[in-house]
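Chain letters run A, B, ... following the sequence lines, proteins first and then strands; every chain starts at 1.
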Protein chains: 2
Amino acid sequence: MAETSDFKAEPPEGIDPIGASSEGASLYQLIREDIIEGRLAANERLVVTDLARRHGTSTNPVREALQLLRGEGFVTFVANRGARVRPIDQDFVRDIYEIGVLIEPALTRWFVNMATSEDIAELERIQGLIEENNFADTFRHSELDTAFHTVMYQRHYNRHAAELWWKHREVLRAVSRRFNFTLARRAAILREHRELIAHIKAGNADEAGELISRHVEGSGRHVLEQMRARNAARAG
Amino acid sequence: MAETSDFKAEPPEGIDPIGASSEGASLYQLIREDIIEGRLAANERLVVTDLARRHGTSTNPVREALQLLRGEGFVTFVANRGARVRPIDQDFVRDIYEIGVLIEPALTRWFVNMATSEDIAELERIQGLIEENNFADTFRHSELDTAFHTVMYQRHYNRHAAELWWKHREVLRAVSRRFNFTLARRAAILREHRELIAHIKAGNADEAGELISRHVEGSGRHVLEQMRARNAARAG
DNA sequence: ACGCGATAAATCGTACATTGTTTGTCGAAA
DNA sequence: TTTCGACAAACAATGTACGATTTATCGCGT
């Protein structure tokens, strides 16, 4: 499939939660992206009439999209006062990184024991693109990094865990795109990916799991540090 | 608060995801319970008109409730074909138990380091009620057991993880109520709870985490075994 | 038994009514 | 003059009704 060099991260199969009415589905996606990408401010009111006008539909599809987003946790509701954008703040990001630290090692261990040579080739190919890009294009790195991990988690039998990972990843991807990578972090990412591939080749499931745990934790620490810095800059 | 002996499990604070319109909220809860408790069969069609008539409202609140349930994963949608009940089958249950095995130990370790003497007294009180009930009333055991773990996870700083646990727990509670506990499982539950309290008192966070891991895994194995048995009985 | 077309049924979008909330103005008291 | 509160008008959320379009059902003819 993605033989071209422009990578677009795709969800693991069977995850796509869309399927609403054509109108509703696209509305859901649009609003959701606006939230994740930060185009809608934290706690901003989501006025049904406005959204309907802005997207050229009537109010009902908007209302349904908002409920869907509520169920997924991106929107909060207060009775008779409508919807607001759930803030994607440091606590939010920390929470989902910590959950990742708990879940991803298990997914990784399973993958190591199930990996085919095609899987490994694919990982090495993506890793090649990552090193080639070398953080020049932040967006591209973000997509490639996501693709790298998707190869590992894609086929896991625990669809709930895989779906959870993907939903979290979509948020983190958008958040981390807003920042630059420190030199130290760049080096760590490349090193850890290479080390991970080595462990997979050797069939060292536990070592790979350990490594992923540190990888995710380091990634979380890095992003949170950046968020803190930006907040401090904004406040000071 | 719950000084009376009839326990009703309550969610950790700040979790309640309701807050829709008065109609919509209750509708959401009613349909959700019908799914979790198994009153609506797996893959059953959820016809908006029927649900509206049955609950004495118009269709719009139903549609919104269904979207909310979709976001939470209890309902699946196909475009132009409406909603169906997501089956709560063995895979589903296995998936969320496995996630529990990964997450609950971390929540437990944190609790052990934060537990006050009031917390411990509360745990011992609930454990007393559990032993007093001694599985005579399955429903009651289910509520008490949930309350026991809620005491531990309630105040965790990672609200996402606590919320995830609670949502999973609501499903598992309903599922496990459909079965009886084997004598072996009864003994294990009581023993592990007592042992857990001892670890908490001693401040042994890691041991408590280890124990919870086994506790959840054992619980999952037990429920899955029962589901398998019932399925086999139904098939044969 | 097997298409196949008519009919029934359900989803989905639109428009509207009702109810509750927010806002802004006016006037009186400090 | 400023502040506070009552009141009214605008606004927005929530519920209802309805029509258009798609999907499911059923009976008929082959």
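Contact of A/Arg63 with D/dG15 (side chain to base): a donor-acceptor pair of N or O atoms is detected under 3.5 Å. Contact of B/Asn80 with D/dT23 (side chain to base): no donor-acceptor pair of N or O atoms is detected under 3.5 Å.
Going from atom CG of A/Leu66 over to atom P of D/dA12 covers 15 Å, rounded to whole Å. Taking atom CZ of residue A/Phe77 and atom C1' of nucleotide C/dG20, one finds them 16 Å apart after rounding to whole Å. The distance between atom CZ of B/Arg54 and atom P of C/dA10, rounded to the nearest whole Å, is 12 Å. One atom, CG of B/Leu68, and another, P of D/dT14, lie 12 Å apart when rounded to the nearest Å. One interatomic measurement links the two molecules: NE2 of A/His55 to P of C/dG13, which rounds to 14 Å at whole-angstrom precision. The CD-P distance, from A/Glu64 to C/dG13, rounds to 7 Å in whole Å.
Of the charged side-chain nitrogens involved, at least one lies within less than 4.0 Å of a carboxylate oxygen, so that B/Glu143 and B/Arg177 count as a salt-bridged pair. No salt bridge links A/Glu170 with A/Lys167; every basic N to acidic carboxylate O contact stays at or beyond 4.0 Å. A salt bridge does not link A/Arg159 with B/Asp91: none of the charged nitrogens is closer than 4.0 Å to a carboxylate oxygen.
Panel note: side chain A/Gln226, backbone A/Val223; no donor-acceptor pair is recorded below 3.5 Å.
Partners of B/His168 by ring pair (Phe, Tyr, Trp, His ring centres under 6.0 Å), not counting sequence neighbours: none found.
Between B/His222 and B/Phe181, the two ring planes are parallel [angle under 30°; tilted spans 30° to 60°].
Distances shorter than 4.0 Å separate some side-chain N or O of B/Ser58 from OP1 or OP2 on D/dT16.
Sequence order on DNA chain D of the closest nucleotides to A/Asn60 and A/Ala83 puts A/Ala83 first from the 5' end. Nearest-nucleotide mapping onto DNA chain C: of B/Arg53 and A/Arg81, the residue sitting toward the 5' end is B/Arg53.
Between B/Arg53 and the options B/Thr49, B/Asp50, B/Thr57, a side-chain hydrogen bond (donor to acceptor under 3.5 Å, both in side chains) holds for only B/Asp50.
Helix-axis bend for the helix from C/dA1-D/dT30 to C/dA30-D/dT1: the local axis fitted to the five terminal pairs at one end deviates from that at the other end by 10°, rounded to 10°.
Under the 4.5 Å side-chain criterion, counting only non-hydrogen atoms from C-beta, B/Arg86 is in contact with B/Thr76.
Between A/Phe92 and B/His160, a ring centre-to-centre spacing shorter than 6.0 Å is recorded.
A heavy-atom distance below 4.0 Å to DNA chain C is reached by none of the residues of residues 39-49 of chain A.
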